[in-house]
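Just so you know, these numbers use all the heavy atoms, side chains as well, and skip hydrogens, waters and symmetry mates. Residue numbering restarts at 1 for every chain, and letters A, B, ... go by the order of the sequence lines.
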Number of protein chains: 2
Amino acid sequence: MKRAITSDAAAHERVIAIGALAARTGVKVETIRYYEQVGLLPAPERSEGNQRRYGRRHLERLAFIRHARDLGFPVETLRGLLALADRPDMPCDEAHRIAARQLADVRRKIAHLRALEAELDRIAQSCLGGAPVRDCAVIEALAKEQRADSVPLGKRDAGSAC
Amino acid sequence: MKRAITSDAAAHERVIAIGALAARTGVKVETIRYYEQVGLLPAPERSEGNQRRYGRRHLERLAFIRHARDLGFPVETLRGLLALADRPDMPCDEAHRIAARQLADVRRKIAHLRALEAELDRIAQSCLGGAPVRDCAVIEALAKEQRADSVPLGKRDAGSAC
DNA sequence: CTTGAACCTCTAGTCACTAGAGGTCGTATC
DNA sequence: GATACGACCTCTAGTGACTAGAGGTTCAAG
């Protein structure tokens with residue numbers, strides 16, 4: 001009787017545990033639980049012993065999530081995308097806008113990184129190594145007064161977010 | 001007598017408060033305190049009323065830190081760079097290596113972002129908007145099976161770190 | 001002496017996970 | 001049916017590099 005909770009839903013559909021879902025999608029077990037926690041992936045049925053049991057729908061949704069994350073869509077944006085995917089009759093202008101915004105964001109980051117690349121390249125080229133630190137071009141470049149065009153620290157995300 | 005703690009050190013050097021240091025370097029007040037907390041910026045003298053008082057050395061060091069962060073050096077790496085800058089007699093090979101590594105890292109990120117850009121561009125181009133979501137190329141692209149060449153989620157940092 | 005901006009400490013929040021402790025479940029084998 | 005053991009569970013805390021806020025104190029101008 002207790003087992004019926006699962007088997008009712010699973011009678012005509014293969015159900016898998018979280019580890020198998022992780023293996024099939026390439027998303028870590030912990031991350032799957034995290035997605036459930038933040039509401040990206042609906043909570044699945046549980047086994048008699050309280051273990052998660054996933055079906056084909058979960059597999060598809062998680063693959064969708066992973067692909068979108070791979071493309072750099074932030075989780076918040078993903079929420080909107082998933083909501084759209086669930087309403088097949090709505091026009092897709094919004095989806096198009098979201099993708100275009102993401103593309104613009106990626107391009108902005110590329111531009112920023114290319115500027116960094118140029119400066120780092122210049123610095124690295126002018127230091128051949130071997131000189132004492134006091135004359136090192138790398139250290140000197142960093143110690144120099146800031147350029148006027150540099151972005152204020154608060155608005156910048158060069159290190160971790162390009 | 002108490003004031004002597006500061007004025008001894010400040011007698012022949014202009015000292016400034018944290019707000020002025022922030023204004024001069026473009027680093028936020030909170031961030032300066034954070035840098036002190038994590039040991040990037042040495043703890044300065046304090047006024048009689050326990051407020052931080054900075055001198056020229058702090059100004060220079062903070063400018064150095066900021067410039068390095070602008071170039072995307074992670075804080076941990078910055079620690080090494082600062083240690084090097086403090087020993088002017090050592091050869092600068094290490095500084096050169098650090099800069100070269102950072103350059104390689106930036107180039108790796110650029111390459112990754114350019115791949116994302118290409119795919120997003122392809123997706124966005126094939127969706128003109130106006131069609132119902134069921135036929136939307138954006139949604140379809142995300143729902144599709146993952147490509148075999150995609151990086152596992154755990155190793156990837158597309159979203160926040162390019 | 002009063003005002004109010006600037007300063008102080010401490011805690012918690014950000015993003016998208018990741019890691020670990022400490023315990024339970026499922027199943028294959030004996 | 002007992003046992004072993006990997007997979008699973010929840011909960012909490014940590015990551016990087018800050019950022020924001022509460023609640024209180026100090027400084028300097030008028």
Side-chain angles (χ1 to χ4, degrees), chain A residues 2-3 6 15-23 25-41 43-54 62 65-66 68-79 105 151-162, chain B residues 2-3 6 10 15-41 43-54 62 65-66 68-79 105 151-162:
Chain A
K2 265 190 170 178
R3 216 165 207 298
T6 339
V15 294
I16 58 178
I18 198 168
L21 183 65
T25 55
V27 178
K28 288 187 185 171
V29 168
E30 294 81 6
T31 307
I32 295 172
R33 285 197 282 248
Y34 167 75
Y35 286 157
E36 179 182 329
Q37 194 189 308
V38 300
L40 277 187
L41 194 62
E45 306 280 335
R46 297 289 184 124
S47 77
E48 212 179 331
N50 199 35
Q51 299 193 356
R52 290 170 180 82
R53 292 294 177 256
Y54 295 96
L62 185 54
I65 291 169
R66 202 213 138 160
R69 294 288 305 123
D70 278 349
L71 287 170
F73 288 95
V75 165
E76 272 316 300
T77 306
L78 227 156
R79 255 180 245 283
D105 193 52
V151 185
L153 257 188
K155 269 121 197 162
R156 173 204 43 101
D157 51 346
S160 58
C162 320
Chain B
K2 265 190 169 176
R3 213 161 211 302
T6 338
V15 294
I16 58 178
I18 197 168
L21 184 64
R24 290 219 204 168
T25 55
V27 179
K28 288 188 186 172
V29 167
E30 294 82 5
T31 307
I32 295 173
R33 285 196 282 247
Y34 167 75
Y35 285 157
E36 179 181 330
Q37 194 190 308
V38 300
L40 277 188
L41 195 63
E45 305 279 336
R46 298 288 185 124
S47 76
E48 210 177 334
N50 199 34
Q51 299 194 356
R52 291 169 180 83
R53 290 296 178 257
Y54 296 96
L62 186 54
I65 292 169
R66 201 213 140 160
R69 293 287 306 122
D70 279 350
L71 287 169
F73 289 95
V75 165
E76 272 316 300
T77 306
L78 228 156
R79 256 180 245 283
D105 193 53
V151 185
L153 256 190
K155 271 121 197 163
R156 172 205 45 100
D157 52 346
S160 58
C162 318

- Task: Take A/Arg33 and B/Ala17, find for each the nucleotide of DNA chain C with the closest heavy atom, and name the residue whose nucleotide sits nearer the 5' end.
- Result: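 Result: B/Ala17.
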- Please report the shortest heavy-atom distance between A/Arg33 and A/Arg52, naming the atom on each side.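 That would be CD-NH1, 3.4 Å.
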- Item | Considering all heavy atoms, the nearest A/Val29-A/Ala22 contact |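 Heavy-atom minimum between the residues: CG2-CB, 3.7 Å.
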Atom [atom1] of [X] to atom [atom2] of [N]: distance rounded to whole Å?
{"X": "B/Arg46", "N": "C/dA6", "atom1": "CZ", "atom2": "P", "result": "19 Å"}
{"X": "B/Ile18", "N": "C/dT9", "atom1": "CD1", "atom2": "C1'", "result": "12 Å"}
{"X": "B/Glu36", "N": "D/dA17", "atom1": "CD", "atom2": "P", "result": "18 Å"}
{"X": "A/Leu40", "N": "C/dA16", "atom1": "CG", "atom2": "P", "result": "9 Å"}
{"X": "A/Ile32", "N": "C/dA16", "atom1": "CD1", "atom2": "P", "result": "18 Å"}

Where the side chain of [X] is concerned, which of [options] is the nearest nucleotide?
{"X": "B/Asn50", "options": "C/dT18, D/dC18, C/dC8", "result": "C/dC8"}
{"X": "B/Gln51", "options": "D/dT10, C/dC25, C/dC7", "result": "C/dC7"}
{"X": "A/Tyr34", "options": "D/dA20, C/dT18, D/dA17", "result": "C/dT18"}
{"X": "B/Glu30", "options": "D/dC27, C/dG26, D/dT19", "result": "D/dT19"}
{"X": "B/Ser47", "options": "D/dC18, C/dC8, D/dC27", "result": "D/dC27"}
{"X": "A/Arg69", "options": "C/dA16, D/dC8, D/dT26", "result": "C/dA16"}
{"X": "A/Val75", "options": "D/dC9, C/dA16, C/dT9", "result": "C/dA16"}

It should be established whether [X] places a side-chain nitrogen or oxygen under 4.0 Å from OP1 or OP2 of nucleotide [N].
{"X": "B/Arg53", "N": "C/dC8", "answer": "no"}
{"X": "B/Arg79", "N": "D/dG16", "answer": "no"}
{"X": "B/Tyr35", "N": "D/dA17", "answer": "no"}
{"X": "A/Lys28", "N": "C/dA19", "answer": "yes"}

- With no hydrogens and no angle check, is any side-chain donor or acceptor of B/Arg66 less than 3.5 Å from a backbone partner on B/Val27?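 Judged by distance alone, no pair lies under 3.5 Å.
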- Item | Chi angles and distances behind the side-chain contact (heavy atoms from CB on, under 4.5 Å) call for B/Arg24, B/Tyr54 | CA-CA 12 Å; B/Arg24 290 219 204 168; B/Tyr54 296 96; over 6 Å; no
- Item | Salt bridge present between B/Arg79 and B/Glu76 (N-O < 4.0 angstrom) |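 Yes.
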- DNA chain D: 5'-proximal contact among A/Gln37 and A/Tyr54 (nearest heavy atom):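 With A/Gln37 and A/Tyr54 compared, the 5'-side residue is A/Tyr54.
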